[in-house]
Amino acid sequence: MSTSDLQSSSAGSTPSGVSIVTIDSLARNVGATVVLRGWLYNRRSSGKVHFLEVRDGTGMVQCVMGKNDVDEATFAAADHLSQETSVEITGLVKAHPKRPNVFEVAATGLRVLGKPSGEYPISPKEHGTDFLMDNRHLWLRSKRQHAILRVRHTIIRTIRDYFDGLGFTLVDAPIFTPNACEGTSTLFETDYHGDKAYLTQSGQLYMEAAAAAVGKAYCFGPTFRAEKSKTRRHLAEFWMVEPEVAFMDLDGDMDLAEGLLVALADRVLTERREELAILERDTSKLETVKRPFPRIRYDQAVAIINEHRRERRAKGETNQDGSPVEDFPWGEDFGGEDETVVSNRYDRPVMVHRYPAEVKAFYLKRDPEDARLALGVDVLAPEGYGEVIGGGQREDDLATLEAAIEHHKLPKEAFEWYLDLRRYGSFPHAGFGLGVERSVAWLCGLPHVRETIPFPRMLSRLAP
RNA sequence: UCCAGCUUAGCUCAGUCGGUAGAGCAGGUGACUGUUAAUCACCGGGUCGCUGGUUCGAGUCCAGCAGCUGGAGCCA
């Protein structure tokens, strides 16, 4: 089999010369006799006609087998096929008699390639999430999960195309890191030949080094958080893309983030219409993701939250625990609920910038116009999907950065290499991190991030 | 870590007032020549999460524990 065969979505031909095709190429093969290879998704029968629904990873097709079209043994065999039997079906490609633009295969031959040794666990009826997650390796075969995998793939490819197209260089960051840096989140600890090592929570510091080498750098890999978070927005292992650009300021950073999200929505809408339909995604909510995104200051976001809280108080509402609704205290970070209140004001992602420095990471540059603020930005996705991007301009002054490290009580020795970036030709620079799973959840309209990654790692799940 | 909810057949669930266990799907057998989670008939299928308590009697009431789910906190 050659590469060109694969690219033309024809997987070769049988000894008798019949071409082996994939389901997504049936439209081009109407009137031809072809061979399909795949798995039986569902089977129906009307006595003298069997309807075999077959999936092959590129799509789904109904194969019709009339009693008079095949020999008796083949017809009898088709009657006893169970779900997920792998099969090779030979037949004539035809238009569906009732449905426009749908094709079916009039089967003339059937070969069973792999017979299930037992009952397939996932029946075409409803199941609970925990059961499906226990069978995640099989659940991936279902229509919805297949659609999500494809959208995820498109999102990842778009991210790479976007940065590659802008002249970025991919620079991989390490997974093992020597110290529990940044001091913020809880890390997974591991034994590294007798020393303690931690699984990375971000490649950002390394990208700052890379930016000084290549100008525009990005890394794309898994990151790990050991917090005991049990919500629909959290995973213990998730993927993040982190661009870092030399001589870019906060405004440029926001331009870059905005362009990426517009590209993602646009590409998913053009290339994954079918998948979004399977997921029943309201695509009108994605059509509005166009430039420019609103850019509001932290102060304005606080005002929006307080306006909302005052309305709730006026209606006599209380918090979930029954406590009275208080004004949002300036200086704190937003909770999930607050983010939703802000993002619900807009029909596209909103960028909230200039947060209080105290609630943000030590490496963010102070706002020259207001020392209480940091030049950071969070991008909140619409519909309550929360923060999909966090970033900002980095502190490029050696003394200020040293003071920040001391203020956060971080071990200075561990950051000597990072401080070197300010010692040898310091430069203004900025970047951000985009969480892939939250982006997939948003673009697909999924209620939980656990379905956005093939094999999720969560507080109470390490298998399969 | 805290709060709430859930745990009954392979799966999804019902189970009244405390009186000894039910349905649909899946599986099996059969009927049906255009079905779309096909339909119809019949069949097999149970450590009611675990431990203890109350009671003549517990799936049901009580306590403890475990697991799962969601939320808060924390975080992206």
Side-chain angles (χ1 to χ4, degrees), chain A residues 41-53 60-69 75 79-80 82-84 94 96-99 102 104 106 116 118-135 138-139 142-144 182-187 200-202 204 222-242 319-323 332-339 359-361 376 378-381 385-391 432-442 447-450 452 458-461:
Chain A
Y41 193 71
N42 199 8
R43 176 177 54 81
R44 293 176 291 272
S45 176
S46 290
K48 304 266 170 25
V49 191
H50 297 315
F51 299 93
L52 307 175
E53 234 181 318
M60 187 98 74
V61 70
Q62 172 170 277
C63 300
V64 186
M65 184 185 283
K67 194 177 173 77
N68 300 327
D69 302 334
F75 192 76
D79 199 22
H80 288 88
S82 60
Q83 208 186 339
E84 291 303 316
K94 299 160 66 170
H96 193 287
K98 292 179 188 168
R99 297 179 173 189
V102 175
E104 61 176 28
E119 193 180 311
Y120 188 68
I122 303 176
S123 66
K125 270 273 180 177
E126 72 241 33
H127 298 282
T129 311
D130 197 46
F131 172 79
L132 289 169
M133 273 301 169
D134 283 342
N135 291 284
L138 302 175
W139 188 23
S142 72
K143 232 183 231 175
R144 274 181 61 87
E182 307 186 31
T184 49
S185 52
T186 322
L187 305 188
T200 182
Q201 61 170 324
S202 162
Q204 190 221 303
T223 46
F224 308 88
R225 302 288 167 89
E227 285 114 17
K228 299 201 186 303
S229 297
K230 283 174 72 170
T231 82
R232 64 183 71 205
R233 302 183 306 279
H234 290 89
L235 293 167
E237 178 182 313
F238 64 99
W239 286 67
M240 194 150 68
V241 58
E242 294 175 281
N319 293 320
Q320 267 190 328
D321 60 4
S323 61
E332 282 189 16
D333 209 348
F334 303 130
E337 170 88 37
D338 303 317
E339 289 182 351
V359 299
K360 287 291 173 185
D378 281 358
V379 185
L380 308 178
Y385 280 97
E387 186 184 341
V388 288
I389 285 179
F432 62 80
L434 171 129
V436 170
E437 286 72 22
R438 285 187 181 180
S439 301
V440 176
W442 162 49
H448 201 301
V449 290
R450 69 185 152 211
T452 64
M458 297 179 291
L459 188 55
S460 57
R461 179 165 297 282

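Lettering of chains follows the sequences in order, A, B, ..., and the numbering in each one begins at 1.
Judged by atom type and distance alone, A/Ser229 reaches the base of B/rC74 through a side-chain donor-acceptor pair under 3.5 Å. Side-chain to base pairing of A/Glu337 with B/rG71: no donor and acceptor N or O lie closer than 3.5 Å to each other. In this model, a side-chain donor or acceptor of A/Gln62 finds a partner on the base of B/rU35 within 3.5 Å.
The C1' atoms of B/rG10 and B/rG44 are separated by 13 Å, rounded to the nearest whole Å. With P as the reference atom, B/rC25 and B/rC42 are 12 Å apart, rounded to whole Å. Going from the C1' atom of B/rA38 to that of B/rG24 covers 15 Å, rounded to whole Å. With both ends at atom C1', the span from B/rU29 to B/rG45 equals 15 Å, rounded to whole Å. The separation of B/rU47 from B/rC32, taken at their P atoms, amounts to 38 Å, rounded to a whole angstrom. Look at the P atom in both B/rU60 and B/rU20: the space between them is 14 Å, to the nearest Å. Taking the P atom of each, B/rC62 and B/rG5 are spaced 12 Å apart, rounded to whole Å.
Looking at heavy-atom distances under 4.0 Å, A/Arg232 makes contact with sugar-phosphate atoms alone, never a base. At a threshold of 4.0 angstrom between heavy atoms, the contacts of A/Leu235 include nucleobase atoms, whether or not backbone atoms are also involved.
Of the candidates B/rG70, B/rC75, B/rU35, the closest approach to any side-chain atom of A/Arg438 belongs to B/rC75. When distances are taken from the side chain of A/Lys228 to each of B/rC11, B/rU1, B/rG34, the shortest belongs to B/rU1. Checking B/rA76, B/rU35, B/rG70 against the side-chain heavy atoms of A/Glu227 singles out B/rA76 as nearest. You'll find that the side chain of A/Arg233 is closest to B/rC74, out of B/rC74, B/rC32, B/rC11. Considering only side-chain atoms of A/Asn68, the nucleotide from B/rU33, B/rU36, B/rA38 that sits closest is B/rU33. Checking B/rC11, B/rU36, B/rC68 against every side-chain atom of A/Lys98, the shortest atom distance belongs to B/rU36. The side chain of A/Glu387 lies closest to B/rA76 when the candidates are B/rA76, B/rC75, B/rC68. Out of B/rC74, B/rC11, B/rG70, the shortest distance to the side chain of A/His127 is found at B/rC11. In the set B/rU33, B/rU36, B/rG34, B/rU33 carries the atom at the smallest distance from any side-chain atom of A/Val49.
Between A/Ser123 and A/Pro97, the residue whose closest nucleotide on RNA chain B is further toward the 5' end is A/Ser123. Mapping A/Gly435 and A/Lys94 onto RNA chain B via the closest heavy atom, the residue that lands nearer the 5' end is A/Lys94.
There is a side-chain donor-acceptor pair under 3.5 Å between A/Glu242 and A/Ser202.
The phosphate of B/rU69 (OP1 or OP2) has a side-chain N or O of A/Ser460 nearer than 4.0 angstrom. Distances shown here put a side-chain N or O of A/Arg44 below 4.0 Å from the OP1 or OP2 atom of B/rA38. For the OP1/OP2 pair of B/rG27 and a distance below 4.0 Å, the side-chain nitrogens and oxygens of A/Arg43 include no atom meeting the criterion. At B/rC75, none of the side-chain N or O atoms of A/Arg225 fall inside 4.0 Å of OP1 or OP2 (strictly under the cut-off). Remark: A/His448 is in phosphate contact with B/rG70, judged by side-chain N or O atoms under 4.0 Å from OP1 or OP2.
Looking at A/Glu53 and A/Arg44, their side chains come closer than 4.5 Å, going by heavy atoms from C-beta outward. Contact annotation: the side chain of A/Thr129 approaches that of A/Arg450 to within less than 4.5 Å [non-hydrogen atoms, C-beta and beyond]. At least one side-chain heavy atom of A/Pro97 sits under 4.5 Å from a side-chain heavy atom of A/Glu104.
A/Lys67 has no carboxylate O lying under 4.0 Å from a charged side-chain N of A/Asp79, or vice versa, which leaves the two without a salt bridge.
Both stacking criteria are satisfied for A/Phe238 over the base of B/rA76: a centre-to-centre distance under 5.5 angstrom and an angle between ring planes under 30 degrees.
Base pairing of B/rC42: its partner is B/rG28, meeting the Watson-Crick or G-U wobble criterion (both donor-acceptor distances under 3.5 Å).
Panel note: side chain A/Arg43, backbone A/His50; no donor-acceptor pair is recorded below 3.5 Å.
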